[in-house]
Each structure stands twice: as C-alpha cells, then as structure tokens.
Amino acid sequence: MDGPGPRRGALFEKAGGPPAEARIPTSDASFELPAHPLSVGAARRVVRELLTVWDVPEGARDDVVLVVSELVTNALVHAGGTRIGCRLHRTAERIRVEVADEITGEAGPALPASRRPGPEDQHGRGLLLVEALSLGWGVTLPSDRATRVVRAELRSV
C-alpha cells in the first residue's frame, strides 16, 4: 500500500468547472490519498498550502481546511474503498470542496446525513461543522462509477 501522500487519480471525471468569474481567474486542483488515517493530516496540509498559494485569506482558509478534514475523515470512516479523492475549485467569492470515496462492499451507496449527537457521544459532529461553515453541502452518486462525492461551498473572501 502506498503512503499517505497525494496522488492524481480517477475518482473524479475530467469535467470543466463553472465559468470563470471576472475579477479572479478560477483555479482547480485535485489529488488522491490512500484510505488511511494519516491521510486526514496529509489532506489538511495539501489544502492549506494550496489555499495559501491561491492567496485565500486566513479565516476562509481555516474554514476550508476544517471542512476538508471532516469530509476526508467521513470518507475514511464510512467508505470501504482504498482511495479518497479531493478536488477544490475557486472562483472570486467561493471555494467548492469535493471529497470522493469509493463505494465498495458493506459501505454501499448510503448518503451521509447530519445528525444530532448527544452530549456523551464521541462522534457524529462532522457534518454539523460542515453545515455551519459552508454556504451549502450535498452528495452526488455519479451513475458511471461506484463513487460517492460529498461537496461543500464556502466563501473564499
């Protein structure tokens, strides 16, 4: 098994993103990680470095990094595949995050849903954080491959 570093791969199809906004050119980046606990930290580092290069302000950058961390963690915990894909698309005012996992075996195509954990529950708050920090989030099950894509849009300014 390869290590927790990013790798380009095929969890995402080659598709054009939304049209560029006038003030800031759009930016796209994607990478894959093995479905391994160390990959959550690797995803945070890669995304933080990318957003720094894109000149995203620190507050927005922190929110995006936290959302990516939660979505990658969910993919790791709830999916049965060997790879997790991450894609970011930036326009003048928004950053769209997509995290894809392979649907295999027992994981099945179940859709993630936010829940209300009790005060003693140690898990179950990730999507509540995603919901609180993002302008919106959702899930797509592409018909051409066994993949679940969870997306969130956040402000980039």
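Of all heavy-atom pairs between Leu76 and Ala35, the closest is CD1-C, 3.4 Å. Smallest separation of non-hydrogen atoms from Ala100 and Thr147: CB-CG2, 3.6 Å. Listed here is the closest heavy atom pair of Ala75 and Val99: CB-CG1, 4.1 Å.
Residues Ile84 and Ser39 form no side-chain contact, since every pair of their non-hydrogen atoms from C-beta on lies 4.5 Å or further apart.
The hydrophobic cluster containing Leu135 does not contain Val130, counting ILVMFWY residues as joined when their side-chain heavy atoms lie under 4.5 angstrom apart, directly or transitively.
The CG atom of Leu128 sits 10.0 Å away from the CD atom of Glu70 when rounded to the nearest 0.5 Å. Atom CG of residue Leu33 and atom CZ of residue Arg83 lie 7.0 Å apart, to the nearest 0.5 angstrom. Rounding to the nearest 0.5 Å places OG of Ser134 at 10.5 Å from CG of Leu129. Atom CZ of Arg148 and atom CD of Glu102 lie 11.0 Å apart (nearest 0.5 Å). Interatomic distance, Trp137 CH2 to Leu71 CG, rounded to the nearest 0.5 Å: 8.5 Å. One finds the NE2 atom of His78 at 10.0 Å from the CG atom of Asp101 (value rounded to the nearest 0.5 Å).
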Only distances under 3.5 Å count here; give the side-chain donor-acceptor pairs of residues 50-64 to other protein atoms, sequence neighbours excluded, each with its distance to 0.1 Å.
{"residue": "Thr52", "atom": "OG1", "partner": "Arg48", "partner atom": "O", "Å": "2.8"}
{"residue": "Arg61", "atom": "NH1", "partner": "Val56", "partner atom": "O", "Å": "3.0"}
{"residue": "Asp62", "atom": "OD1", "partner": "Arg48", "partner atom": "NH1", "Å": "3.0"}
{"residue": "Asp62", "atom": "OD1", "partner": "Arg48", "partner atom": "NH2", "Å": "3.4"}

Point to revise | Verdict with reasoning, Val68 to Arg44, per side chain to side chain contact (heavy atoms under 4.5 Å, CB included) | key: CA-CA 7 Å; Val68 167; Arg44 281 193 300 262; 5.8 Å; no
Point to revise | Pair Val149-Val139, side chain to side chain contact (heavy atoms under 4.5 Å, CB included): steps then yes or no | key: CA-CA 6 Å; Val149 180; Val139 184; over 6 Å; no
Practice item. Just do the side-chain hydrogen bond (donor to acceptor under 3.5 Å, both in side chains) check on Arg87 and Ser30 with the steps written out, would you? Key: CA-CA 4 Å; Arg87 175 187 287 167; Ser30 62; 4.9 Å; no
Exercise for review: Please test Leu133 against Leu66 for side chain to side chain contact (heavy atoms under 4.5 Å, CB included), starting from the C-alpha separation and ending with a verdict.
Suggested key: CA-CA 9 Å; Leu133 294 172; Leu66 180 55; 3.5 Å; yes
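Residues Glu98 and Arg151 are not paired through a salt bridge, judged by the lack of any N-O separation under 4.0 Å between the basic side chain and the carboxylate.
Every residue two or more places apart in sequence or in another chain that forms a side chain to side chain contact (heavy atoms under 4.5 Å, CB included) with Thr73 is listed here: Val40, Ser69, Val77.
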